[in-house]
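Counting starts at 1 for both ligands and their atoms, following the listed order. Index from 1, following the sequence.
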Amino acid sequence: MNIAELLSVANAIVARQKGVLAADESNPTIKKRFDSIQTESTEESRRRYREILFTAEGIERYIGGVILFDETLRQSTQEGIPFPTLLSSRGIIPGIKVDKGAKALALCAGDKVTEGLDGLRERLEAYRQLGAQFAKWRAVIDINATDIPSAFGIRANAHALARYAALCQEVGLVPIVEPEVLMDGAHDIERCEAVTAQALEAVFAELDAHHVLFEGMLLKPNMVISGKQCPRQAGVQAVAEATLRCLRRYVPAAVPGIVFLSGGQSAEDATDHLNAMNAMNAMGPQPWQFSFSYGRALQAPVLDAWQGQESNAAAAQKALLTRCHLNGLARDGQYSRAMEGH
Ligand code: 13P
């Protein structure tokens, strides 16, 4: 384990104003996104779309790292420059999603567990050779108002995350550890806080047991938020307070950065929430960088502008830069909703 390298990569990803662009949609997921704009998902359309994202001028000011999918890590620009090389040359660190998706956890109705540990050491070595410097593994924690997830479901996911994180650090990749408590459901924000707390507590206990170096990793959590179908939707300040309270209780100060997922929030809400957390000083200074690792909250406006049409490529890049800029401002608590649409 090269500690100096892990620390330097982890800190560079969350350098001032910067966050992560999650462009690691698996082929079934990107197909869903392309379906929404009536665009066929082919190897070439996926390549071209990612090329539009990665060549957008100016994003390097706000994007410290990009998470790629296996196929994308092996693709190139029209001129033949491999995407990892292109990103590195722009000062953006290439990363790779290494999990193989969440499946039903056997004999535990309602719980899921993420697969992909078998052969992971060899795959991580290969990804490093291809230029990746960090990795991501997402645990999916389904939630309802009462009995999902089970305590065992949380433990199984925490264990898998820790196995993954230790393997990453062994080969010199910074692990992004993502325990995602989903937004889907009618549960209230208090329930989300309770489940997020249990998940974070279990994850850090397992990371510690697996000898993971907290200084050389990043945490990618959900925000503490009301379920999408909950009739009582907590406001921006309440989300920021509940999320901070939960993180302060369960995340070691040694972790350099917390990069939130957007999880189905609108682009504006995701930026607003991040801003509120960075603006809030009532609890005193926070030990971590608060940043973003958004997929949908960065890309939804881009897909909207692109519509699968080459003639819209420049507009799509402009939409990406706008979102990156606003999230860059939110990193300093300098964003306001009034900036939208200008
Ligand atoms: P969203 O921001 O769309 O939730 O995606 C982030 C991600 O990488 C999920 O694993």
Q. Which of the atoms of ligand 1 are close to Ser262, meaning less than 4.0 Å from one of its heavy atoms?
A. 1 (P), 2 (O), 3 (O), 4 (O)
Q. Hey, what do you get for CD1 (Ile59) to CZ (Arg90), rounding to the nearest 0.5 Å?
A. 5.0 Å
Q | Proximal ligand 1 atoms for Gly263, defined as those under 4.0 Å from one of its heavy atoms | A | 1 (P), 2 (O), 4 (O)
Q.
Checking the side chain of Asp99 only, and the main-chain atoms of Arg138 only, is there a donor and an acceptor separated by less than 3.5 Å?
A. yes
Q: Give a yes or no answer on whether the side chain of Ser88 reaches the backbone of Thr85 with a donor-acceptor pair at less than 3.5 Å.
A: no
Q. What residue and heavy atom of the protein are closest to atom 9 (C) of ligand 1, and at what distance?
A. Glu178 OE2, 3.2 Å
Q) Quick one: does ligand 1 sit under 4.0 Å from the side chain of Arg138, the backbone, both or neither, non-hydrogen atoms only? A) side chain
Q) Do Glu180 and ligand 1 have an N or O pair less than 3.5 Å apart? A) no
(Q) Suppose I only count heavy atoms of Asp24 and a 4.0 Å limit; which atoms of ligand 1 are within that range? (A) 8 (O)
Q: Test salt bridge (charged side-chain N to carboxylate O under 4.0 Å, His left out) on Glu125 and Arg128 and set out the steps.
A: CA-CA 5 Å; Glu125 290 282 5; Arg128 201 177 143 87; 5.8 Å; no
Q: Enumerate the atoms of ligand 1 whose separation from the nearest heavy atom of Tyr294 is less than 4.0 angstrom.
A: 2 (O)
Q: Test Glu25 against every option in Lys31, Arg50, Arg46 by the salt bridge (charged side-chain N to carboxylate O under 4.0 Å, His left out) rule and name the one that passes.
A: Arg50
Q | Proximal atoms of ligand 1 relative to Gly295 (non-hydrogen, under 4.0 Å) | A | 1 (P), 2 (O), 3 (O), 5 (O), 6 (C)
**Q.** Contact partition for Ala22 relative to ligand 1, non-hydrogen atoms under 4.0 Å
**A.** side chain
(Q) Within ligand 1, which atoms have a heavy atom of Ser293 less than 4.0 Å away? (A) 6 (C)
Q: Taking Asn157 for its side chain and Ala139 for its backbone only, find out whether a donor-acceptor pair lies under 3.5 Å.
A: no
(Q) Check for me whether Gln299 has a heavy atom closer than 4.0 Å to any atom of ligand 1. (A) no
Q: May I ask you to identify the nearest protein heavy atom to atom 10 (O) of ligand 1, giving residue, atom name and distance to one decimal place in Å?
A: Lys136 NZ, 2.5 Å
Q: Take the angle between the ring planes of His325 and Tyr62 and call it parallel below 30°, perpendicular above 60°, tilted in between.
A: tilted
(Q) I need the atoms of ligand 1 closer than 4.0 Å to a non-hydrogen atom of Lys220, numbered in the order shown. (A) 6 (C), 7 (C), 8 (O)
Q. Nearest heavy-atom pair of Lys220 and Ala22: which atoms, and what distance?
A. NZ-CB, 3.9 Å
Q: Any chance you could lay out the side chain to side chain donor-acceptor pair (under 3.5 Å) test for Thr196 and Asn222, step after step, and finish with the verdict?
A: CA-CA 8 Å; Thr196 304; Asn222 53 286; 3.1 Å; yes
